[in-house]
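Residue numbering restarts at 1 for every chain, and letters A, B, ... go by the order of the sequence lines.
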Amino acid sequence: MYRKFVVCLLIISVLFLSGCWDRQEPDDLVITIGAGIDYNPETDMYKLSFEFVNSLAAQGGEGGGGGSEKPDYWVVSAWGHTILDAVSNIRKKVSREIYYAHMNLELISEEMVKTKGIIPVLEATERTRQSRSLIMPVIVNGDVEEMLAENIPIESSNVRGLINQIQLTNREIASTISDNTREFINKLSKPGIEPVAASLELIKEQKETEESKPKENMPPPVVVKKIAVFKGDKMAGWLKERETRGYNWVMGAVERANLTFEYSGDNQRLLTVLVNKSDGSFEPIIKNGKPSIKINVQVNGKIVNITGGSSNLKEESQLISSLKSRLAQVVHNDIEIALDKTQSLKADIFGFGNSFYRLKYNKWQDMEDDWRKIFASLPVEIEVKADIKRTGLINKGIKPR
Amino acid sequence: MSTEKISNRQLWFILFIMRSSIIIASLPVLTSADALQDAWISALITLVGTEIIVFIISLLDIKFPNLSLIEYSSKLLGPYLGRLLSMVYLWVFLQLAAVEIRIYAEVIVTTFLPQTPMIFIIAMMVFAAAICVYSGIEVLGRTADVLFFVFIFMILGTILVALPYVKVDNIQPILARGWQPAISGALTPMALSLNMWVIGMLSSTTNAPKKILRTSLTALGSSLIMLVLISFVTIGVLGPYQGARANFPVLTLIRSVQVSKFLQRTEVLVIFAWGFGLFISVSTFLYSGAKGISLWLNLDDHRPLIFPMAVIWVVMSLHGFENIFAVNSFLKPEIFAPYAFTLLLVPLFLLWLSYIIKNIREEL
């Protein structure tokens, strides 16, 4: 009898095992996958926009191609005195419980990071229990809500599209970066290094043409262009594509990059080299009490394109070694312009100061307070070793007769 | 007296889990002081310090293989002083268990079940532990047998998941600010070895009490090596500042890495490990407490005491701290370390002193 009672009790207890007071039914949730944050310095208020996915459309699969009439995502925004205050104002406009754990992207307006700084966003991301530091902070030059609502061709959810666009641009041509919140905060809180963030830009031309033609070929709406350089928690300026690539060379973060330069001895012809292996590092040096940095970069590439003429790349020759040194020069120039730009901004995004902090701690203590000033005139020696490993499927150019 | 026995292997598992669970949950090497990037050195110091303390405790247990801590305290110091001293241990069991459950409940409430009343989480855990202890020390030992492998799998899983993200840059500069921050970071975790008084209660129930020294030293050694690894990985991934800012650094760590694009939310590893670890740890405290009181009052059986004590425990951990600030400031090295070391070293000193005096007297 006792046993039967216990068994019954166990079976009944299963009914209560669905999550105590925090039971959430998926039907009652709306999943937000991206957020946009804007700031108005005059009223000191934040505008928060959430992009919600339509969970029915998301589970429809690719084959269906629009089983439901409703759009795949929905953007809602509201103002608030803090970010979480804005969340509670969004609350009033949404019919379901908001679920944040799948948030992947935070679009932050340029206005906000220039006037208020990025701390409010990072703080909210770190403190709230559902958001994670896997979220990628991205600076937007323009209206964040418009960017979130932008319809991106091919993609069913534009947040995923934007993230892919950034990550692929980083991986394929190294002209942006894809730091997530953890890496951003890490750089922000360490001494002697300034954070950087990827950035997106809306191409606005299409707005002028009439919009009522859905079949018409749509121009690409968003482009990944530059990266935002921070000084502390506030944005200091931009790095353009080549400067960003220079930054990535130094950090050893280039996976692939296409470099185009003149063919040796013939300025009518251009050559494109795909760098598919690179390594970058730097070391802090103190000579006669003066700090300096030595950058070592190694790149290996292959020739992917020559714009014309005959070229004999069959065996080792003067030509190859001259191409190698040109390749090295291009990388060298990238790094140099990146350095010039950051030194003029006085923003040490490379972490040169951090390398002094890590490896020359005693010296760093003297420099710490005015490191930004020292960085602006820090002598940097750049050494690039370049090699061209292969030539693709052919070793001679087409020779017209 | 009692015929219930556990094997030394089971004691090994129990000690390992007890020492690992709470210290990994709140990672006091990093959060309690400003050790920052040297927190893994703090963990190493903790390792050495704890081994010494446990060596002294276990050595005493070897001298009285068939008696528990309460019994040999009375034997060494006489019935009155011995009983007075025994109150210290009983208080330690009561309080540390309350602190541990409270930290666990804080983790659960902060991260997963914000609406659930804390009393529910605490009461469930204590209730489960009470049933386990009521079934006897053998059941506890076998539970440890089963849960140990789950526990170690999850802890190693956590380390492996986070390992690819470790950047050695975050560890440097090593000991740049001297030894002082590293030592201050080691104080609280070392003081937490106060809970190793349970060795005194459990050693007499093992199969081979004479081998207790080897069991406890290896168990604590390996659990603290785990701590060194965990703190190394945490700082390596999060960086010293972000790690020190977190209330529960390991949880923050596991939330900010992804195994792959499709497998990211792996914090279940950590939470389950803590849950299991805490269960073992609370059960052990409950057993030690109940057993201790029954010996203290010369009762035949400790079982009738378990459920009343469980209720006291729930109240203690619920009302012992008003909020998380109280928990954090209790664990600060300048408060917790003097407190714990007093409760640890004064009884140890008295016990050893009387033991030595007794021996000398017998020789004379």
For atom [atom1] of [X], decide whether the heavy atoms of other residues, nucleotides or ligands shown that lie under 6.0 angstrom number more than 12.
{"X": "B:F272", "atom1": "CZ", "answer": "no"}
{"X": "B:I131", "atom1": "CD1", "answer": "yes"}
{"X": "A:K294", "atom1": "NZ", "answer": "yes"}
{"X": "A:K231", "atom1": "NZ", "answer": "yes"}
{"X": "A:R127", "atom1": "CZ", "answer": "no"}

### Query
Counting distance only, does the side-chain N/O of A:R182 pair as donor-acceptor with the main-chain N or O of B:V237 below 3.5 Å?
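Indeed, once roles are kept as given, a pair shorter than 3.5 Å links the two residues.
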Non-hydrogen side-chain atoms of B:P114 and A:R129 separated by less than 4.5 Å =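 A side-chain contact under 4.5 Å exists here.
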inquiry  = Counting C-beta onward and ignoring hydrogens, is there a side-chain heavy-atom pair between B:R245 and A:I185 closer than 4.5 Å?
reply    =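 B:R245 reaches A:I185 side chain to side chain.
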Exercise for the section: Identify which part of B:D169 has an atom lying under 4.5 Å from any heavy atom of chain A, answering side chain, backbone, both or neither. Expected result: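 Both parts, backbone and side chain.
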ask   = Considering only heavy atoms, which portion of B:L238 lies under 4.5 Å from any heavy atom of chain A: side chain, backbone, both, or neither?
value =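 Its backbone and side chain both get close to chain A.
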Is [X] in contact with chain B via its backbone, its side chain, both, or neither, using a 4.5 Å heavy-atom distance?
{"X": "A:T128", "result": "backbone"}
{"X": "A:E183", "result": "neither"}
{"X": "A:I135", "result": "neither"}

Looking only at the side chains, is there a donor atom on one of B:N170 and A:K190 sitting less than 3.5 Å from an acceptor on the other?
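Yes, side-chain donor-acceptor contact under 3.5 Å.
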Give the minimum heavy-atom separation between B:Q242 and A:S133, together with the two atoms involved.
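That would be NE2-OG, 4.5 Å.
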(request) Identify the residue among A:Y361, A:W364, A:F356 that makes a side chain to side chain contact (heavy atoms under 4.5 Å, CB included) with B:P173. (result)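 Filter result, single survivor: A:Y361.
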Original post:
How far does CD of A:E126 sit from CZ of B:R255, to the nearest 0.5 angstrom?
Top reply: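 A:E126 CD to B:R255 CZ: 10.5 Å, rounded to 0.5 Å.
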